[in-house]
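All remarks here apply to the structure that follows.
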Protein chains: 2
Amino acid sequence: MLKDILDNNENYQPGLSIDCVIFGFHDNQLKVLLIKVERANKWSLPGGFIPVDQDIDAAAITVLNSRTGVDGVFLRQFATFGKVNRNDQHFDKKTLEYFQIEEEKAKWLTRRFVTIGYYALVDFSKIHPNPAGRFEVVEWIEHKEVPELILDHREILDKALDTLRIELNLMPIGYNLLPEKFTIPELQKLYETILDKKLDRRNFLRKITNIGILTKLDEKKSNVAHKAPNLYSFDKDKYEEVLKNGLNQGW
Amino acid sequence: MLKDILDNNENYQPGLSIDCVIFGFHDNQLKVLLIKVERANKWSLPGGFIPVDQDIDAAAITVLNSRTGVDGVFLRQFATFGKVNRNDQHFDKKTLEYFQIEEEKAKWLTRRFVTIGYYALVDFSKIHPNPAGRFEVVEWIEHKEVPELILDHREILDKALDTLRIELNLMPIGYNLLPEKFTIPELQKLYETILDKKLDRRNFLRKITNIGILTKLDEKKSNVAHKAPNLYSFDKDKYEEVLKNGLNQGW
DNA sequence: GTACATTGCGTCAGAATAACACATTAATGA
DNA sequence: TCATTAATGTGTTATTCTGACGCAATGTAC
């Protein structure tokens with residue numbers, strides 16, 4: 001895989017990569033899709049290189065799709081990272097030898113890489129983490145338990161979540177993170193988990209329904225302890241409209 | 001200049017550039033600093049390449065500083081642009097010949113460039129547009145009268161303004177765009193110009209003073225028609241604090 | 001049945017917002 | 001000189017939004 005790219009490195013944008021922060025929601029936890037590649041002792045964000053004949057957005061979709069199998073989901077560029085030494089230590093001499101990378105090819109690989117960060121919101125239940133190769137592990141890891149990551153991936157992850165938190169105030173969230181039918185308490189848990197703070201049930205209900213993107217279904221969730229909560233779904237059209245126009249006007 | 005870079009192109013990040021949207025405010029108009037280089041018939045955003053030994057943020061500061069002479073101002077990355085054909089037509093055969101660029105060097109220049117967009121807010125009165133060379137023109141142009149730009153620079157400019165409009169709701173603005181002493185009507189005009197809509201004087205005053213970043217001075221603006229407006233200045237400490245913590249909490 | 005946790009719905013005071021009225025100030029020109 | 005004009009400074013009021021909370025309804029566990 002890496003060798004294929006290096007052998008055809010003229011087909012890829014040099015010194016430029018894409019890293020995706022893929023968020024999912026399950027068991028009332030915010031999850032992040034991380035990968036661990038052969039020989040590495042740290043986890044990393046799924047990433048990839050940019051073919052010279054692809055828009056960067058298209059390359060990001062490729063990265064997302066290759067790891068999750070889904071497409072047509074919420075994917076948004078949020079920042080570009082380019083500190084001088086950010087990948088200085090990534091491919092050390094031993095690693096290059098291990099992968100039998102020739103010196104000339106290694107130069108292409110070890111230069112400073114600037115990486116474009118994208119974050120994605122996906123429906124956890126629809127994703128089957130998809131290792132790119134035999135020696136790659138792909139896993140959902142709870143955000144609060146994300147271990148040490150390679151390079152500046154922790155910084156990238158933090159920035160992605162910061163961006164998501166800010167954008168929560170500008171757009172509706174949930175369509176891409178929840179199954180088709182869901183309950184208000186579930187949606188609230190999603191918000192609480194992302195924001196990492198408690199919200200008042202009753203005020204949340206009022207605010208979220210006032211947006212006008214929810215359809216109350218004639219069903220209740222079954223097999224639950226305590227009172228069965230109502231099921232809701234998103235009104236796709238209105239959701240898209242609000243997504244486009246934004247929530248708060250401010251000034 | 002360009003030749004210097006090409007002759008030492010191994011010192012620059014390949015296929016990667018920086019473009020700055022530099023906003024200023026003067027005569028109740030939102031101005032953008034644009035440049036026109038030798039032989040070009042269209043204007044462009046000030047931009048530059050990225051030395052391999054500089055953080056991308058540092059490279060952006062260099063671009064801004066080289067064109068405006070100021071530093072320590074508001075400068076923020078907002079998006080990265082990388083459509084496949086974005087600079088296909090930029091250096092055509094004739095132009096390359098005109099600049100006497102060798103074929104090998106031309107390859108470095110004509111590949112797809114991904115560009116990182118930054119926007120800056122600067123005090124118009126402190127800026128002396130600074131052409132990088134004899135054949136370069138640097139000028140403040142009113143936003144509404146910006147002519148056709150090269151490449152996708154119009155898209156970059158639009159995105160910068162969109163970002164600024166959104167961020168108006170998240171942070172205070174004005175410190176970097178106005179002189180030290182200013183009036184509330186001036187500040188309001190700034191907001192109105194950026195948002196491109198009228199605001200109510202009285203409501204604006206209330207909202208802006210409630211933020212707690214303004215200091216009312218014991219001075220009135222002199223030499224003005226009609227009633228002399230009060231002068232204000234920003235309380236730097238409180239301004240910085242609000243900048244860091246944000247304005248609207250939302251959820 | 002009773003205790004308990006959770007959901008659904010409602011209330012209320014205070015804050016924020018939008019729309020608007022009126023007095024004040026300084027240059028202008030009849 | 002003095003009314004006119006076009007701005008600025010300072011309210012007021014009705015409405016909406018927000019945060020904090022009460023209480024009844026529902027379904028499980030014992």
Between [atom2] of [N] and [atom1] of [X], the distance in whole Å:
X	N	atom1	atom2	result
B:Asp200	D:dG9	CG	C1'	13 Å
B:Arg202	D:dG9	CZ	C1'	11 Å
A:Leu247	D:dC17	CG	P	13 Å
B:Phe204	C:dA18	CZ	P	13 Å
B:Lys227	D:dT4	NZ	C1'	17 Å
B:Leu205	C:dC20	CG	P	19 Å
B:Lys220	D:dA7	NZ	P	17 Å
B:Arg201	C:dC22	CZ	P	14 Å

Mind listing the residues from residues 180-193 of chain A sitting with a heavy atom below 4.0 Å of DNA chain C? Number order is fine. A:Pro185

Does anything in residues 206-214 of chain B come within less than 4.0 Å of DNA chain C? Heavy atoms only, and list the residues if so. B:Arg206, B:Lys207

Both A:Asn203 and B:Pro229 contact DNA chain D. Taking the nearest nucleotide for each, which residue is further toward the 5' end? B:Pro229

By nearest heavy atom, map B:Ala228 and B:Trp251 onto DNA chain D; which one lands nearer the 5' end? B:Ala228

I'd like to know if the side chain of A:Gln77 reaches the main chain of B:Thr80, judged simply by a donor and an acceptor atom lying under 3.5 Å from each other, with no hydrogens or angles considered. yes

NZ/NE/NH1/NH2 to OD/OE distance under 4.0 Å, [X] and [Y]:
X	Y	result
A:Lys221	A:Glu186	yes
A:Glu136	A:Arg67	yes
A:Arg86	A:Glu155	no

Check the angle between the aromatic planes of [X] and [Y] and answer parallel, tilted or perpendicular using the 30° and 60° thresholds.
X	Y	answer
B:Tyr239	B:Tyr175	tilted
B:Trp251	A:Phe204	tilted
A:Phe124	A:Trp140	tilted

Check every strand shown and say whether A:Lys221 touches a base, only sugar-phosphate, or nothing at a heavy-atom separation below 4.0 Å. nothing

Does A:His226 or B:Asn248 map to a spot on DNA chain C nearer the 5' end, using the closest nucleotide for each? A:His226

Show your reasoning for whether salt bridge (charged side-chain N to carboxylate O under 4.0 Å, His left out) applies to A:Lys236 and A:Glu240. CA-CA 6 Å; A:Lys236 182 78 189 294; A:Glu240 294 291 345; 3.7 Å; yes

For the residue pair A:Ile208 and A:Tyr191, establish whether any side-chain heavy-atom pair is separated by less than 4.5 Å. yes

I want to check one thing: is the phosphate of C:dA18, taken as OP1 and OP2, less than 4.0 Å away from some side-chain N or O of B:Lys198? no

